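For reference, the structure discussed in these notes is given below.
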Amino acid sequence: MPGQLFKAAAIAGAAEANEIGFLENPVTALELHIQAIKNVCDQTGIPIAKIEGVFSTGWSTELCEHLGITPKYIDTTAVGGCSFEMHVHHALAAIHSGIIDVALISHGENGHSRRKIGGGGSGNYGAGAGALSPAAEMSMAYGLGGAPSNYSHAMVRHMHRYGTTSEDYAHIAKVTRDWATLNPRAAMYSKEKHPFGGPITVQGVQESRMISWPLTILHCCMVTDHGGAVLVVSPKVAAGLNNKPVWIAGAGESMSHGNMLEMGDFTATSARHSAQTAYTMAGMGPSDMEMAMIYDSFTITVAITAEMLGLTPPGEGHTLWKDGHAAPGGKFPVNTNGGGLSFNHSGMYGMPLLVEAYRQLSQTAEDGVHGDKGKQTDARTCVVNGTGGSLSTTGTLVLMADD
Amino acid sequence: MGGDPKLSYNKPIPNQGNHTKPFWEGAKNGQLMLPRCVDCNRVHWYPRHICPNCHSTNLEWIEGSGEGSIHTYAVQHMAFGPWAEEVPFVTAYIDLKEGDRMLTVLRGVDATKPEDIQVGAAVKVEFEQANDDTFIPYWRVVEE
Ligand SMILES: [Zn+2]
């Protein structure tokens with residue numbers, strides 16, 4: 001039986017900034033935010049002035065000031081790429097409690113443009129105790145730099161424990177790229193769009209440049225520009241929209257550690273717990289899910305997460321891709337936008353998960369702009385899972401199509 | 001932290017915290033000092049202000065054996081700053097004999113043959129002097 005918050009709120013709409021990807025003309029994170037907010041309000045018919053709650057990774061004050069609004073609910077949760085799934089969870093609770101009826105969740109990050117113009121990319125993500133933390137003190141000597149250098153350790157432990165190989169995970173990169181070739185907005189849509197775009201092979205993934213063994217560059221996400229926004233609304237507001245809502249059936253969040261030094265089990269994440277909370281709220285389980293949007297910062301991230309979400313037994317996450325189920329036309333589509341691996345990943349990827357889940361469940365994933373023929377699935381339920389930090393933090397949502 | 005001209009250590013050197021001083025003092029003498037909870041008797045790493053297992057603040061330092069095993073590892077082909085000159089190099093998380101885990105750059109292994117490195121292999125700690133106050137622990141695979 002579903003819990004109290006089952007369908008207590010809906011995603012009213014989801015939109016992106018006008019241009020995303022490897023933008024030639026540099027953009028600021030703020031521009032990306034504002035374009036997406038304008039677009040989602042136009043899409044839904046909900047005026048910006050009606051926004052009552054603002055949820056973002058540290059940006060809420062600046063956004064509200066820029067928009068000239070004075071919200072009554074402010075949330076700046078910034079715990080990595082899964083923050084946006086948590087924002088949906090928090091908005092659901094705020095709406096259920098009657099504090100607000102319309103919540104804005106906004107993302108803007110110029111991961112690519114920042115290299116040219118700097119600044120303001122990730123909204124205070126991960127500042128914490130910083131250099132004064134004892135975890136940093138006991139880690140900083142050892143030459144790790146950036147996410148790939150950490151995540152590779154999880155892949156090696158998974159290989160050791162379950163006998164998987166890096167080639168098993170290469171199937172994930174290949175299949176996810178197949179999805180990207182159906183999405184004109186994906187950075188790796190085609191050779192015309194990007195010199196390294198278009199279809200890839202498992203062998204090509206394995207032979208690409210080594211970054212942190214066993215992760216080659218094609219096992220890793222890109223760093224691009226992205227802005228996205230969703231509106232989460234009460235059932236009352238959802239009844240009067242321009243477009244179809246998508247219902248929030250379940251939500252959960254959790255964490256296991258911050259620094260990878262404290263990751264007890266390198267083959268598991270807290271998605272096991274956040275998913276359980278979300279499934280319980282929804283009164284559903286993994287076998288009720290018809291597709292998934294799973295944070296794929298690296299191939300190993302999505303493989304482990306598939307196991308945590310109960311979509312496969314432990315150690316077999318990669319088989320969803322290797323056996324073709326997750327692929328276009330497969331029985332269990334995953335990451336239908338092309339993923340952080342081949343669609344877009346600005347640093348924090350939680351927002352694109354929400355946007356694509358909305359499009360799939362509202363049957364707008366194949367509109368010629370955000371999808372070519374073959375991208376739209378017939379899924380009516382979708383499990384969405386964001387992962388932040390170093391496999392540290394997770395937010396899980398169970399979403400359902402409108403009746 | 002003045003650099004000793006006799007020392008060639010050019011990698012990042014940690015800033016020492018107040019509550020981690022016993023660790024760095026021990027390192028100068030080649031001792032691997034570890035924090036242990038007096039109440040639940042468990043060793044934890046990194047050093048805490050409170051026991052992460054039972055939440056006691058009754059903590060002490062013990063001299064560890066300096067022995068452990070490889071929990072997992074990776075080979076870094078891309079790095080930043082002075083470490084960029086060392087690629088490829090092997091990083092590893094080490095299970096301490098006393099419990100809990102440390103990060104290290106692994107010594108005594110061939111970074112060009114990652115498949116030859118064994119999860120579970122025995123390792124021993126050694127210290128490299130970085131400056132007057134800092135000796136940094138590194139772990140080395142024990143020859144069989
Ligand atoms: Zn204790």
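Worth knowing before you read on, the calculation uses all heavy atoms, side chains too, and leaves out hydrogens, waters and symmetry mates. Being a predicted model, the structure only gives us computed values, none of them experimental. Letters A, B, ... mirror the listed sequences (proteins, then strands); counts begin at 1.
Ranking B/Gly17, B/Pro12, B/Pro114 against chain A, the residue ahead of the rest is B/Pro114, based on heavy-atom pairs under 4.5 Å. Interface summary for chain B: among A/Ser212, A/Gly264, A/Gly145, the most heavy-atom pairs under 4.5 angstrom belong to A/Ser212.
Donor-acceptor pairing under 3.5 Å is recorded for the side chains of B/Trp24 and A/Glu137.
To the nearest 0.5 Å, atom OG of residue A/Ser149 and atom CE of residue B/Met78 are 8.0 Å apart.
Enclosure of atom CZ in A/Phe196 is not indicated, since only 12 or fewer non-hydrogen atoms of other residues, nucleotides or ligands lie within 6.0 angstrom. Counting non-hydrogen atoms of neighbouring residues, nucleotides and ligands closer than 6.0 angstrom, the NZ atom of B/Lys97 reaches no more than 12 such neighbours. No more than 12 heavy atoms of other residues, nucleotides or ligands shown are found within 6.0 angstrom of CD on A/Gln203. No more than 12 heavy atoms of other residues, nucleotides or ligands shown are found within 6.0 angstrom of CZ on B/Arg42.
Nearest heavy-atom pair, A/Gly143 versus B/Ala79, reported as atom, atom and distance to 0.1 Å: O-CB, 4.0 Å. Among all heavy-atom pairs drawn from B/Arg101 and A/Leu261, the shortest one is O-CD1, 3.6 Å. In terms of heavy atoms, A/Ala135 sits closest to B/Tyr46 at CB-CE2, 3.4 Å. Minimum interatomic distance between B/Leu103 and A/Ser139 (heavy atoms only, all atoms of both residues): CD2-O, 3.9 Å.
The backbone N or O of B/His71 sits less than 3.5 Å from a side-chain atom of A/Arg157, completing a donor-acceptor pair. Here the side chain of B/Gln76 pairs no donor or acceptor atom with the backbone of A/Leu144 at under 3.5 angstrom.
Between A/Met138 and B/Thr20 the shortest side-chain heavy-atom distance falls below 4.5 Å. The closest side-chain heavy-atom distance from A/Pro134 to B/Arg48 is not below 4.5 Å.
Using a 4.5 Å cut-off between heavy atoms, B/Ala92 contacts chain A through its backbone alone, with no side-chain atom that close. In this structure, chain B has no heavy atom under 4.5 Å from any part of A/Met159. Contact of B/Pro137 with chain A is made through backbone and side chain together, with heavy-atom distances under 4.5 Å.
In this structure, A/Trp213 has its ring center under 6.0 Å from that of B/Tyr73.
The aromatic rings of B/Tyr93 and A/His153 stand perpendicular to each other, their planes meeting at an angle above 60°, with 30° marking the opposite boundary.
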